[in-house]
Amino acid sequence: MKVNFLAIIALALTLTACAGNKNAEEELVNTNQSAQQMYDEAKNVLDSGLYNRAIELLRAMESRYPFGPLSRQVQLDLIYAYYQSGDTTQSLASIDRFIRLNPNHPDLDYAYYMRGLSNIKVDENAFQEFVGIDRADRDMSSTKQGFEDFKILVSTYPNSKYANDARKRMFAIKETLVRYELLVADYYIRRGAHLAAANRCKYIVEYYRDSPQVEQALVIMVDSYDKLGLVKLRDDAKAVLLLNFPNALN
């Protein structure tokens with residue numbers, strides 16, 4: 001019988017790799033440690049800012065003690081570690097899982113707070129990418145979702161220690177979204193798509209009426225409707241503009 005030595009070598013390498021992976025996983029878990037000792041070690045690593053190492057230790061503990069008294073705290077610490085490491089995908093997945101499995105947990109306000117932060121982080125470089133770049137297709141859905149997460153937090157848990165910061169972030173998000181809409185409006189204006197530009201600014205006036213950028217949005221609406229020959233819409237927008245900003249056209 002002809003022996004396939006290449007197949008034997010491949011199998012040997014596979015078994016060696018599997019053994020290596022198993023040994024690596026076992027190294028993370030000291031079998032002599034109690035659950036509390038394992039958690040204390042992981043928490044010290046987390047507090048030291050070694051987030052990737054903390055994730056390894058917390059995941060190992062979660063695997064070994066999935067239903068222990070510290071399991072919920074381990075899940076919350078993993079959320080924080082994923083966020084700090086920049087892994088927003090895992091952070092959001094862990095948050096959604098925590099909320100789904102623990103609808104009455106006393107730290108649910110923290111989960112919504114971290115979901116808001118994680119969603120913002122997904123889009124945090126959106127406007128830097130717009131500077132000098134001719135794009136108006138940037139998806140801001142994560143930032144909008146972050147706003148909704150903070151909204152849930154402040155409305156459901158108004159006395160939460162995270163509520164005040166969430167309110168401040170909601171205001172900042174609104175201004176970010178307004179600037180985004182104005183950038184898109186400018187994109188359309190430079191391409192002669194004045195109706196599209198007017199519609200983006202109309203959205204600002206309708207949904208972000210307390211923003212300081214409403215004045216600019218109305219100015220664009222007046223100019224865009226004028227270029228389109230839409231006299232009634234132009235005059236209506238101009239009346240609203242002058243009513244709220246009397247010196248806008250001076």
Side-chain angles (χ1 to χ4, degrees), residues 13-103 105-129 141-143 145-147 149-150 152-153 157 160-166 168-170 172-173 176:
L13 290 174
T14 301
L15 293 174
T16 301
C18 290
N21 289 338
K22 184 176 180 182
N23 291 335
E25 291 175 359
E26 288 175 350
E27 286 177 3
L28 291 174
V29 180
N30 184 340
T31 55
N32 295 320
Q33 283 183 314
S34 66
Q36 186 63 57
Q37 288 172 326
M38 281 189 69
Y39 176 73
D40 289 343
E41 180 185 355
K43 188 66 166 64
N44 287 335
V45 172
L46 181 63
D47 291 343
S48 298
L50 302 174
Y51 301 116
N52 290 326
R53 176 60 176 170
I55 289 169
E56 292 177 344
L57 294 173
L58 289 166
R59 289 184 63 175
M61 182 175 177
E62 187 179 39
S63 177
R64 188 177 181 190
Y65 300 104
F67 305 110
L70 293 170
S71 61
R72 299 295 181 270
Q73 186 57 51
V74 168
Q75 292 169 20
L76 291 170
D77 287 340
L78 266 172
I79 289 169
Y80 178 75
Y82 281 131
Y83 171 78
Q84 291 290 3
S85 72
D87 192 343
T88 53
T89 299
Q90 281 295 334
S91 176
L92 288 167
S94 299
I95 292 166
D96 290 342
R97 177 173 174 265
F98 184 87
I99 292 173
R100 184 176 68 255
L101 297 178
N102 305 279
H105 196 277
D107 290 324
L108 213 57
D109 58 334
Y110 175 75
Y112 280 109
Y113 179 69
M114 289 304 300
R115 192 164 78 172
L117 291 181
S118 297
N119 272 310
I120 290 173
K121 199 165 192 176
V122 174
D123 290 338
E124 66 182 355
N125 294 322
F127 290 98
Q128 286 84 343
E129 292 181 13
S141 58
S142 293
T143 299
Q145 182 57 56
F147 182 88
D149 295 330
F150 290 135
I152 292 172
L153 169 60
Y157 310 97
S160 167
K161 63 182 179 180
Y162 307 105
N164 284 337
D165 187 64
K168 294 176 183 177
R169 290 180 182 276
M170 287 174 70
I173 290 172
T176 296

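Sequence positions, counted from 1, serve as the residue numbers for this chain.
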Answer whether the closest heavy-atom distance between the side chains of Arg169 and Tyr113 falls below 4.5 Å.
yes
What distance do Arg53 atom CZ and Leu46 atom CG have between them, rounded to the nearest 0.5 Å?
13.0 Å
Roughly how far apart are Phe147 CZ and Ile152 CD1, rounded to 0.5 Å?
11.5 Å
Nearest heavy-atom pair of Leu58 and Val74: which atoms, and what distance?
O-CG1, 3.5 Å
So that I can tick it off, tell me whether Arg59 and Glu62 are bridged by a salt bridge, with the cut-off set at under 4.0 angstrom between side-chain N and carboxylate O.
no
Asp109 to Ser160 - nearest heavy-atom pair and separation
OD2-OG, 2.6 Å
Please assess Asp87 against Tyr51 for the test side-chain hydrogen bond (donor to acceptor under 3.5 Å, both in side chains), listing each intermediate value before the final yes or no.
CA-CA 10 Å; Asp87 192 343; Tyr51 301 116; over 6 Å; no
Side chains of Gln75 and Asn102: does their closest heavy-atom pair fall under 4.5 Å?
yes
Less than 4.5 Å apart, any side-chain heavy atom of Ile173 and any of Thr143?
yes
With the side chain counted from C-beta on, respond yes when Asp149 and Met114 share a heavy-atom pair under 4.5 Å apart, and no when they do not.
no
Donor-acceptor pair, Asp123 side chain versus Ser142 backbone, under 3.5 Å?
yes
Take Gln36 and Asp40, measure what side-chain hydrogen bond (donor to acceptor under 3.5 Å, both in side chains) needs, and give me the verdict at the end.
CA-CA 6 Å; Gln36 186 63 57; Asp40 289 343; 2.8 Å; yes
May I ask you to check whether Asp77 and Gln73 show a side-chain donor-acceptor distance below 3.5 Å?
yes
Which residues satisfy the ring pair (Phe, Tyr, Trp, His ring centres under 6.0 Å) test with Tyr110, sequence neighbours excluded?
Tyr162
Which value, rounded to the nearest 0.5 Å, describes the distance between Leu153 atom CG and Asp165 atom CG?
9.5 Å
Are Phe150 and Ile120 side-chain neighbours, meaning at least one heavy-atom pair lies under 4.5 Å?
yes
Please output the side-chain donor-acceptor pairs of residues 88-99 that fall under 3.5 Å, not counting sequence neighbours, one pair per line with the distance.
from	atom 1	to	atom 2	distance (Å)
Ser91	OG	Ser118	OG	2.8
Ser94	OG	Gln90	O	2.9
Asp96	OD1	Arg115	NH1	3.0

